[in-house]
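What follows is a single structure, written as structure tokens, with notes after it.
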Amino acid sequence: MEQERIGIFVGSFNPFTVGHDSIVRRALPLFDRLIIGVVGDHVSKPDMPSAEERMQTIARIYRNESRIEVKPYFGLAVDFARSVGARFIVKGVRSVKDFEYEREQADVNRQLTNGDVETILFYAEPQFSSVSSSMVRELQHFGVDVNVFLPNP
């Protein structure tokens, strides 16, 4: 029997943007299940909604997609991957800077798992290459309507 292909896509998702949604939708065909791991409440960022609130927002977006689960996670992504039976970590990259960071993380994760967990990189679609959660938060701070940067549930 073939092993179920499970991937994880992890982050603080504060907020979950159209760029994140693009990665999820493009990665989903590769997996039987894609688990979106939301960093738990131990992360201290100013004005960050609780993990539960962020998870509910994301779950609403994918409520009609049975292959997507949204779960909290704490600690290392590779430990979360192991705990849910995932062999793949999905990451998005917008720039060379992102690529270098993610390449280093992938190398370390491969060493920590003896190659049992692989990282798959998705390049941002051009129209989303400037979209980041921090940019959206900054625009919100200044009263700008940011709905164009957030996926429609």
- Looking at CG of Leu30 and CZ of Phe122, how far apart are the two atoms once the value is rounded to the nearest 0.5 Å? 4.5 Å
- Item | All ring-ring contact (aromatic ring centres under 6.0 Å, His included) counterparts of Phe149, not counting sequence neighbours | none
- Query: Could you give all pairs that pass the salt bridge (Lys or Arg N to Asp or Glu O under 4.0 Å) test and reach residues 112-129, with sequence neighbours left out?
  - Reply: Arg110-Glu118
- Who passes salt bridge (charged side-chain N to carboxylate O under 4.0 Å, His left out) against Arg103, sequence neighbours left out? Glu100, Asp107
- dist Ile23:CD1 -> Ile120:CD1 (nearest 0.5 Å) comes out at 11.5 Å
- Message: How long is the straight-line distance from CZ of Arg26 back to OH of Tyr123, given to the nearest 0.5 Å?
- Response: 11.0 Å
- Item | Expected output: side-chain Arg54 to main-chain Asn14 donor-acceptor under 3.5 Å | no
- Item | Pairs satisfying ring pair (Phe, Tyr, Trp, His ring centres under 6.0 Å), at least one member in residues 80-108, at least two apart | Phe31-Phe88, Tyr73-Phe80
- Item | Minimal non-hydrogen separation, Val39 against Ser12, with atom names | CG2-N, 3.8 Å
- Message: Just so I know, are the side chains of Ile36 and Phe13 near enough to count as touching, which here means a heavy-atom distance under 4.5 Å?
- Response: yes
- Message: Please list all pairs meeting salt bridge (Lys or Arg N to Asp or Glu O under 4.0 Å) that have one or both residues in residues 62-74, counting only residues at least two apart or in different chains.
- Response: Arg33-Glu69, Glu65-Arg67, Glu69-Lys71
- Under the side chain to side chain donor-acceptor pair (under 3.5 Å) test, residues paired with Ser133 that sit two or more places apart: none
- State the CD1-CZ distance between Ile68 and Phe9, to the nearest 0.5 angstrom. 10.5 Å
- Got a sec, which residues hit side chain to side chain donor-acceptor pair (under 3.5 Å) with Asp145, two or more places apart in sequence or on another chain? Asn147
- Message: Taking side chain to side chain contact (heavy atoms under 4.5 Å, CB included) as the definition, give me every residue that meets it alongside Arg94, ordered by chain and number, with sequence neighbours left out.
- Response: Asp98, Ala124, Ser132
- Message: Holding to side chain to side chain contact (heavy atoms under 4.5 Å, CB included), I want the full list of residues that pass it with Val78, two or more places apart in sequence or in another chain.
- Response: Leu76, Ile89, Asn109, Leu112, Thr113
- Mind checking side chain to side chain donor-acceptor pair (under 3.5 Å) for Arg5 and listing every partner two or more places apart, or none if nothing turns up? Asp32
